[in-house]
Amino acid sequence: MTTLAVVQAGLGSPSSTQLLATRLAEATARLVPGLEVRTTHLRDVARDIADNLVTGFPSARLREVVESVVGADAVIAVTPTFNASYSGLFKSFVDVLEPESLAGKPVLIGATGGTERHSLVLDHALRPLFAYMRAIVVPTGVYAASSDWGAEGLPGRVDRAAGELADLLVGRAPAKPATDGFVPFDQLLAGR
């Protein structure tokens, strides 16, 4: 059975971070038959994470969460944006993981925030973090600002990112990315 670990660091319940994580997981599950989805709400193990950072020993509950994430075939990781980066709770959880524990694992990144101005959190904070851990980060990350909920662009981004993750999970060649009218510079040169 193929497993997907969903890690979300929303502090509220419910939260926009939780909602985005759920949408990404549901979109991926529609594309991967029999996918088992295991969701972790980091707020539920926040004290366990802090205790582990101080003592160096995980609680049984935190050990179970870590094993669920590390043992999954793929990960969806979603965090709220705090001060133009991931939340402290999210980073603290990642700090609990062994550096090589996600090597070669497909990861779909997502983030939420109040305004579109923080969307660079995906490429300036999350993508480098998971690249350091040698994960395979899908090309499309999903950022959802407050204004994105109910807007027409978010569902398409969710579906595109989920499709990329599903392709990696089932071993399909990734679909040709949508260019939205953009032509890469090397293709412009080749077309001369």
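Note that this is a predicted model, so its numbers are computed, not measured. Keep in mind that the numbers below use all heavy atoms, side chains included, and drop hydrogens, waters and symmetry copies.
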Spell out, as yes or no, whether a donor-acceptor pair under 3.5 Å connects the side chain of [X] to the backbone of [Y].
X      : Y      : value
Arg134 : Lys105 : no
Asp123 : Leu120 : no
Thr79  : Ser87  : yes

Taking all non-hydrogen atoms of both residues, which atom of [X] and which atom of [Y] are closest, and how far apart?
X      : Y      : value
Thr2   : Asp73  : CA-OD2, 3.2 Å
Leu42  : Ala9   : CD1-CB, 3.9 Å
Ala162 : Leu108 : N-CD1, 3.9 Å
Val94  : Met133 : CG1-SD, 3.5 Å
Ala144 : Trp149 : CB-CZ2, 3.7 Å
Leu62  : Ser59  : N-OG, 3.1 Å

Could you go step by step and tell me if Ile76 and Leu4 meet the side chain to side chain contact (heavy atoms under 4.5 Å, CB included) rule?
-> CA-CA 7 Å; Ile76 292 175; Leu4 172 65; 3.7 Å; yes

Member of Val170, Thr3, Thr28 meeting the side chain to side chain contact (heavy atoms under 4.5 Å, CB included) criterion with Leu35 =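 Passing option: Thr28.
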
What residue among Leu126, Leu154, Leu122 forms side chain to side chain contact (heavy atoms under 4.5 Å, CB included) with Tyr143?
->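 Of the listed options, the one satisfying the test is Leu122.
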
When clusters are formed by joining ILVMFWY residues with side-chain heavy atoms under 4.5 Å apart, either directly or through shared neighbours, do [X] and [Y] land in the same one?
X      : Y      : answer
Phe130 : Val70  : yes
Ile136 : Val138 : yes
Val107 : Val6   : no
Val142 : Phe90  : no
Val7   : Leu169 : no

Glu36 CD: over 12 foreign heavy atoms closer than 6.0 Å |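 Yes, CD of Glu36 has more than 12 neighbouring heavy atoms, counting only those of other groups under 6.0 Å.
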
Give a yes or no on whether Arg63 atom CZ has more than 12 heavy-atom contacts from other residues, nucleotides or ligands under 6.0 Å away.
->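 Check passes, neighbour count above 12.
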
Is it true that Arg61 and Asp44 make a salt bridge, defined as a side-chain N closer than 4.0 Å to a carboxylate O?
->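 Not counted as a salt bridge, because no side-chain N and carboxylate O are separated by less than 4.0 Å.
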
Looking at side-chain heavy atoms only, is the closest gap between [X] and [Y] below 4.5 Å?
X      : Y      : result
Phe82  : Leu11  : yes
Val69  : Phe93  : yes
Val137 : Ile109 : yes
Pro58  : Val96  : no

Kindly determine whether Leu19 and Arg23 satisfy side chain to side chain contact (heavy atoms under 4.5 Å, CB included), including the steps that lead there.
-> CA-CA 6 Å; Leu19 181 58; Arg23 288 194 181 176; 4.0 Å; yes

What pairs meet the side-chain hydrogen bond (donor to acceptor under 3.5 Å, both in side chains) rule with one or both residues in residues 5-16, with sequence neighbours excluded?
->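 The answer is Gln8-His41.
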
Rounded to the nearest 0.5 Å, how far does CD of Glu164 lie from CG of Leu168?
->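 One finds 8.0 Å between CG of Leu168 and CD of Glu164.
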
Gap between atom CG of Asp48 and atom CD of Glu64 - 0.5 Å precision =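 Nearest 0.5 Å value for the CD-CG distance: 11.0 Å.
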
Identify, with sequence neighbours excluded, every residue that meets side chain to side chain donor-acceptor pair (under 3.5 Å) alongside Asp95.
->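 Expected list: Lys91.
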
By salt bridge (charged side-chain N to carboxylate O under 4.0 Å, His left out), which residues pair with Arg47, not counting sequence neighbours?
->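 Expected list: none.
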
